[in-house]
Novice: 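Right, I'll just put the structure down here and ask away after.
Naming: A, B, ... by sequence-line order, numbering from 1 per chain.
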2 protein chains.
Amino acid sequence: MILTGVWREGTTLPREIELASRFDVSRASIREALSLLKAKGLIASKQKAGTHVRARFDWNMLDEELLNWTLSALPAQEFAKQILEVRRIVEPEACAICAVRGTDEDFARIERAYRGMDAAGMDRVAYAEPDLQFHRGILIATGNDFLIAFGATVAAALRMSFDLSSTNPGAPRKSLPYHRAVLDEIWARNPDGARQAMHKLMDLTEGNIITAMARQKKKDAEDENVRTRRTR
Amino acid sequence: MILTGVWREGTTLPREIELASRFDVSRASIREALSLLKAKGLIASKQKAGTHVRARFDWNMLDEELLNWTLSALPAQEFAKQILEVRRIVEPEACAICAVRGTDEDFARIERAYRGMDAAGMDRVAYAEPDLQFHRGILIATGNDFLIAFGATVAAALRMSFDLSSTNPGAPRKSLPYHRAVLDEIWARNPDGARQAMHKLMDLTEGNIITAMARQKKKDAEDENVRTRRTR
DNA sequence: ATAGAAAATATGTCTGACATAATAATTCTT
DNA sequence: AAGAATTATTATGTCAGACATATTTTCTAT
């Protein structure tokens, strides 16, 4: 209800006892749920005054759970663009740092992920996990704890891409040579090349998402069309 | 204890009842505390199996609270470099986006922050808040929820810089013309100029932090020297 | 030695009570 | 009648003790 804006910024939510009876659980369980939302910055509470929804600015959108909830609660359209914009900023630079600072062990881990993607063939489901490991491996190789934490955002983004790719099963596989290029530049310890290769991968990803969303939109429209004709 | 590595990755922490008696609070309070750490990715728990410390990779380091705890629990040295590295990646790009996409209202808010910094004069304490608002204003102007969430990291970084600047009270004020330059480029809606201006501001910040840490280190060494001479 | 059944146990949930602090209502003063 | 000080109210915060549930460990039978 907070994510979809039913309870918008500043709204005071029902008191704990009422929430407990509404969801038919104990007050203790409600408090555990609220403390989770509190930790992620969605709400804040004061004694007697009650619990209110905090400003969106204070929400920790880079949190993986919150991000997943958001993606399943709202149309992905807008978020997809935003996530991609941040990935475009962060991942190419992380990739350049990785090429300079990463150890051979780091690179081997990324290589293993690449092999996993290759082995998955056209199997979308099997392709997803090593794909994530590939991108995460690059972030880990930077040795920067904040870039590593950014992996949570990438994970959510890939999960979203995966969901969207259901209408176009062959799409993921097309990214394989782009990943290979990134890997080669990293092994060559060539930061500029690595940055550029990752940039191209981001371009491809963006293209895939845009066409997938367009297809989705078209499909929704057709379904809607069928539905209205039937009800007429 | 988790942050300082007393309880390292994989460690199973004492059971809730024992923690409750150890800290002399009820089990309910312990559970609230644990659920906070759970939400931030530090720990995970399973029935009967207990609660264990998760891998560092899973910690949500971009969370403001966690970041503040970390900065107060560990020597800032290493973290300062890492935070700066990420800020260098994100803020100049955010600044460029801001210059293109921001509204005049957004710019006015940033301008107000700038005026607040100017009005603070040599007062370090009064300078800190508008400084944060300045950087946050740029992120907000991008309209990207993930860049906005990055403001939490910037906030922690600035707080750290503030603490370090105690040995050099005049340092913050020196950043004022650099902020002015950023603001001018934004008003001019010049993304490349804005990117570059922010980059220069980051250079200055890095210089300040490095000298401040060196000074701190020297001071620590002197104190240590005095201490050992006394005990001899 | 192995597979399956039973016991043990740590987290998860429930109930009901009291503590505390912020707000709202009331009383008193000027 | 306006404002300050006091009292009452109330929603979150904390406590205690109990039971439920899901793993793990131990025991038993094959």
Side-chain angles (χ1 to χ4, degrees), chain A residues 1-60 63-69 72-73 152, chain B residues 1-60 63-66 68-69 72-73 129 152:
Chain A
M1 292 178 76
I2 293 173
L3 292 180
T4 56
V6 177
W7 288 338
R8 62 189 68 226
E9 179 180 332
T11 307
T12 300
L13 11 155
R15 67 189 77 141
E16 294 176 352
I17 296 175
E18 198 183 319
L19 286 174
S21 75
R22 188 182 297 186
F23 292 103
D24 200 33
V25 294
S26 72
R27 207 185 131 210
S29 297
I30 286 292
R31 281 185 66 78
E32 295 229 355
L34 291 181
S35 78
L36 188 68
L37 301 186
K38 228 178 278 182
K40 300 197 185 301
L42 296 196
I43 58 175
S45 40
K46 266 195 331 195
Q47 269 186 227
K48 158 72 183 178
T51 304
H52 66 272
V53 179
R54 292 179 68 185
R56 281 187 85 87
F57 296 162
D58 297 320
W59 297 6
N60 188 1
D63 179 274
E64 190 167 3
E65 277 183 299
L66 177 52
L67 194 40
N68 284 332
W69 299 337
S72 61
Chain B
M1 292 179 75
I2 294 173
L3 291 180
T4 57
V6 176
W7 287 339
R8 64 188 68 228
E9 181 178 332
T11 307
T12 300
L13 11 155
R15 68 189 74 141
E16 293 176 351
I17 296 173
E18 199 183 318
L19 286 173
S21 74
R22 188 183 297 187
F23 292 103
D24 199 34
V25 294
S26 71
R27 205 183 135 212
S29 297
I30 286 291
R31 280 184 68 78
E32 294 229 359
L34 292 181
S35 79
L36 188 67
L37 300 185
K38 228 178 279 182
K40 301 196 186 301
L42 296 196
I43 57 175
S45 39
K46 262 195 337 193
Q47 268 184 230
K48 158 73 185 178
T51 304
H52 67 272
V53 179
R54 294 179 67 184
R56 281 188 84 88
F57 296 163
D58 296 320
W59 297 5
N60 187 2
D63 179 274
E64 189 166 2
E65 279 183 297
L66 177 52
N68 284 331
W69 298 338
S72 60
E129 179 58 26

Novice: Protein within reach of the bases, or only the backbone? For nucleotides 8-16 of chain D, mark each nucleotide 5' to 3' as B, S or -, using heavy atoms under 4.0 Å.
Specialist: -BBBBBBBS
Novice: If the condition is side-chain hydrogen bond (donor to acceptor under 3.5 Å, both in side chains), which residues does B:Lys38 pass it with, not counting sequence neighbours?
Specialist: B:Ser45
Novice: Check whether any side-chain heavy atom of B:Asp63 sits under 4.5 Å from a side-chain heavy atom of B:Trp69, and report yes or no.
Specialist: no
Novice: Considering only heavy atoms from C-beta outward, does the side chain of B:Ile17 approach that of B:Arg27 to under 4.5 Å?
Specialist: yes
Novice: With the side chain counted from C-beta on, respond yes when A:Thr11 and A:Ile2 share a heavy-atom pair under 4.5 Å apart, and no when they do not.
Specialist: no
Novice: Is there a side-chain contact between A:Leu13 and A:Leu34 in this structure, where contact means two heavy atoms from C-beta onward sitting under 4.5 Å apart?
Specialist: yes
